[in-house]
Amino acid sequence: MTPVTEVAPGVFRIADTCQVYVVRAEQPAPDGTRTAVAVDFGSGTVLDHLAEMGVDRITDVLMTHHHRDQGQGLPRAVAAGIAVHVPPVERDLFEHVDEMWRTRPVVNDYNLRQDRFSLLEPVPVADVVPEYRVREYGGVAVQVVPTPGHTTGSVTYVVERAGRRLAFTGDLVYAPGKVWSLAATQWSYTENEGPAMTVLSCYLLMDERLDLLLPSHGAPMDDPQHALGLLASRMRGYVDSRRPQPWDLRTRLTEPFQRITEHFLLNVSSNACSYVLVSRDGAALLMDYGYDMTTGLPTGTDRASRRPWLASLPALRRDHGVTDVEVVLPTHYHDDHVAGMNLLREVEGTQIWAPENVAPVLEEPLRHDLPCQWYDPIPVDRVLPLGETFRWHEYEITVHELPGHTLYAAAFEVEVDGVRVLVTGDQQDGLGIPGHRREILNYQYRNLFRITDYRDSAALYRRIAPGVMVSGHWEPRWVDEAYLDMLAQEGDELVQIHHDLLPLDEYDLGADGRLAHIAPYLSQARAGEPARFTVTVRNPTRADSKATVRPVLPLGWRAHPDEVVVALPPAGTADVDLEVVPTGPGARRRRLAVDVSIGDLRLGQHAEALVDVTGD
């Protein structure tokens, strides 16, 4: 095979461990040099053929996905001063891939994703590519289209050249109706997330009016509609062969919204459920926005297994008259409810308005030792006071505190189309049938569930008297008195169960058993420089008491003060501020703790925090 082939004017294919493409800028750079960008990099052979392509230098490499055959030569690119740009959720598999190799389970392993086909050593990354947008690299305008399938984070790059739209598709498609690897699409042990995502990605690319497909493996395809349509059809048959019932993926993409009322919609394709309030003038307000258009969640909890995207929004505009996605409200901070919010802000200009008890967790996730948090801070544009009502277009929306599923949660009450709607997040499943099936109360102790939360929420529902309650993962529940009675009974029973099982008369340890915690829970500090922590201590008795707090530190570290005695009112709390100076070489997740006694109750090293230390 000829190493270099011109596949379009100024666009070249280099045969390597994968097909590497070089797009030459149509105009010289200001310094007169002829610049170009590369899509994927293979072993780096491309650098030996620049003169053949009329290129003086490659300015940027755009990676379609993280696999080793696409980028094993990236160290050579970095050495040549070429900036490396990668898909957003796969950045860690380039820049911090050594951490994946250090922690990746290999014994009794049920994770089938091909993350172990990543680079052997990390490479520096200049930036992530901007999905759904166009950015110029080295004088070449590039559109970035999310196309999961071969990997969760895969993207396609679209470039216009000589009046034609060229798509660099990575390993999404090998040839008409074929893929380079089915094994790569198997992301979990028994499910079909990758193949189903391949179908959706084919449909989405078919809407891009493409003229030429340029795959990482395989020959160029000059009839994209046929190539992608045939692959979608065949892969749909593959997905159905592994499911008890056929899965209508085309309808999932074209009709993701179900009407609850005329102007209140449920996104049935998302995980968790997202709701849309539509105003008369075409503006939309979303309630929760996590993983849009999912086909299931892949094995693993690393960033590269959790991909937010905006696949349902075209249908929202096309079928429901939406012109702007103005605002999104989170019911709580869990990733499946908020993962897509930063992307909404970046692409749509959507503002994030959050209840006052949820906003601090979104903005400083590492400060809190809580499960299911999104990886990045989510800035909040407007903080909504609990118990108050705000106006958005013609709607009045009331924010209610709703602890239970998690301490940091809220419900939204709104009157729409003559129906009082209450959005409750993940509080309960809404499937209970009085006299036949109990309601499932969705509480977890690490979410800081409190014993009386469900009794209190039942009283709230009674006071609001909603016509319909909508939740995070279940069908809308039309409400009657019998259902409210059942929730009240189950709330009382839950309180009794915990009183029967826990020594609450002697020590009220709470449902979570946590009498002290340290914030921030995960932080970074520089050796030799002070870092500040706050220890919050709670009194488990009904009498005045004193708490003694002693820092427990790695060898050589210093703390001030080294012991604190603080007064605690009955069932009350107090904060203790500590200044800690780490020492020694840089290290990841050094542990500090506090030894706590409250009155005669010796708790020992009751709470810990983790510190990433950079060296002197």
Side-chain angles (χ1 to χ4, degrees), residues 103 360-361 364-371 373 406-408 444-451 498 501-616:
T103 61
V361 185
E364 291 189 88
L366 298 184
R367 186 171 183 82
H368 307 270
D369 178 20
L370 293 166
Q373 295 190 85
T406 171
L407 179 62
Y408 307 111
Q444 289 78 28
Y445 296 108
R446 272 201 63 207
N447 280 335
L448 306 185
F449 157 73
R450 298 176 305 188
I451 292 169
H498 283 80
L501 289 170
L502 293 172
L504 298 177
D505 292 336
E506 184 178 4
Y507 292 113
D508 183 1
L509 305 180
D512 65 345
R514 189 173 79 159
L515 295 181
H517 65 273
I518 306 173
Y521 184 76
L522 178 61
S523 62
Q524 294 182 333
R526 186 168 181 82
E529 297 181 2
R532 291 171 176 79
F533 299 86
T534 300
V535 182
T536 301
V537 187
R538 182 172 67 82
N539 186 356
T541 73
R542 298 185 181 90
D544 289 322
S545 191
K546 291 183 178 180
T548 302
V549 178
R550 300 183 183 92
V552 180
L553 306 173
L555 184 65
W557 289 29
R558 304 186 305 276
H560 177 78
D562 58 9
E563 179 178 300
V564 177
V565 178
V566 61
L568 289 173
T573 64
D575 289 340
V576 173
D577 293 326
L578 298 177
E579 184 177 274
V580 175
V581 180
T583 59
R588 186 173 183 273
R589 294 196 177 180
R590 299 298 305 274
R591 280 78 62 196
L592 66 90
V594 285
D595 192 296
V596 178
S597 296
I598 301 174
D600 295 330
L601 181 63
R602 176 70 191 277
L603 296 170
Q605 296 178 8
H606 188 69
E608 84 288 339
L610 308 176
V611 185
D612 291 337
V613 181
T614 57
D616 294 313

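Computed from a prediction, not measured in an experiment: that's the story for all the values here. All residue numbers in this chain count up from 1 along the given sequence.
- Taking all atoms of both residues into account, the shortest heavy-atom contact from Pro569 to Asp544 is CA-OD1, 3.7 Å.
- Shown here is Arg588, whose CZ atom has more than 12 heavy atoms of other residues, nucleotides or ligands within 6.0 Å.
- With sequence neighbours left out, the side-chain contact (heavy atoms from CB on, under 4.5 Å) criterion links Pro561 to Val564, Leu578.
- Residues meeting the salt bridge (Lys or Arg N to Asp or Glu O under 4.0 Å) test with Glu364, sequence neighbours left out: none.
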Per-pair distances, 0.1 Å, donor-acceptor, side chain in residues 591-605, under 3.5 Å, sequence neighbours excluded:
from	atom 1	to	atom 2	distance (Å)
Arg591	NH1	Arg589	O	2.7
Asp595	OD1	Arg602	NE	3.2
Asp595	OD1	Arg602	NH2	3.3
Asp595	OD2	Arg602	NH2	3.0

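- Side-chain atoms of Ser545 never come within 3.5 Å of backbone atoms of Leu568 as a donor-acceptor pair (strictly under, hydrogens ignored).
- With sequence neighbours left out, Leu370 forms a side-chain contact (heavy atoms from CB on, under 4.5 Å) with Tyr333, Val361, His368, Gln373, Tyr408, Leu448.
- When all heavy atoms are compared, the tightest approach of Val613 to Pro585 is CG1-O, 4.3 Å.
- Of all heavy-atom pairs between Ala511 and Leu502, the closest is CA-CD1, 4.4 Å.
- By the 4.5 Å heavy-atom criterion applied to side chains, Tyr521 and Glu608 are counted as neighbours.
- At a threshold of 4.5 Å between non-hydrogen side-chain atoms, the residues Leu407 and Arg450 count as touching.
- With sequence neighbours excluded, the residues forming a side-chain contact (heavy atoms from CB on, under 4.5 Å) with Thr536 are His517, Thr534, Thr573, Asp575, listed by chain and number.
- Scored by the salt bridge (Lys or Arg N to Asp or Glu O under 4.0 Å) test, Arg558 finds no partners at all (sequence neighbours excluded).
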Would Thr614 and Gln524 count as a side-chain contact (heavy atoms from CB on, under 4.5 Å) if you check the C-alpha gap in whole Å, the side-chain angles of each, and the deciding distance to 0.1 Å?
CA-CA 8 Å; Thr614 57; Gln524 294 182 333; over 6 Å; no
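- Across every non-hydrogen atom of Asp508 and Leu515, the tightest pair is O-CD2, 4.2 Å.
- Side-chain contact check for Asp577 versus Arg532: every heavy-atom pair is 4.5 Å or farther apart.
- In this structure a side-chain-to-backbone donor-acceptor pair under 3.5 Å is present from Asn539 to Thr541.
- Ion pairing of Arg446 with Asp369 is present here, as a side-chain N (NZ or NE/NH1/NH2) and a carboxylate O approach within less than 4.0 Å.
- Summarising the geometry of Ala567 relative to Ala574, their closest heavy-atom pair is O-CB, 3.9 Å, with the distance given to 0.1 Å.
- Here the rule is side-chain contact (heavy atoms from CB on, under 4.5 Å) with Ser523, and of Ile518, Leu610, Val611 only Val611 fits it.
- When all heavy atoms of Arg538 and Gly510 are compared, the pair lying nearest together is NH2-N, 3.5 Å.
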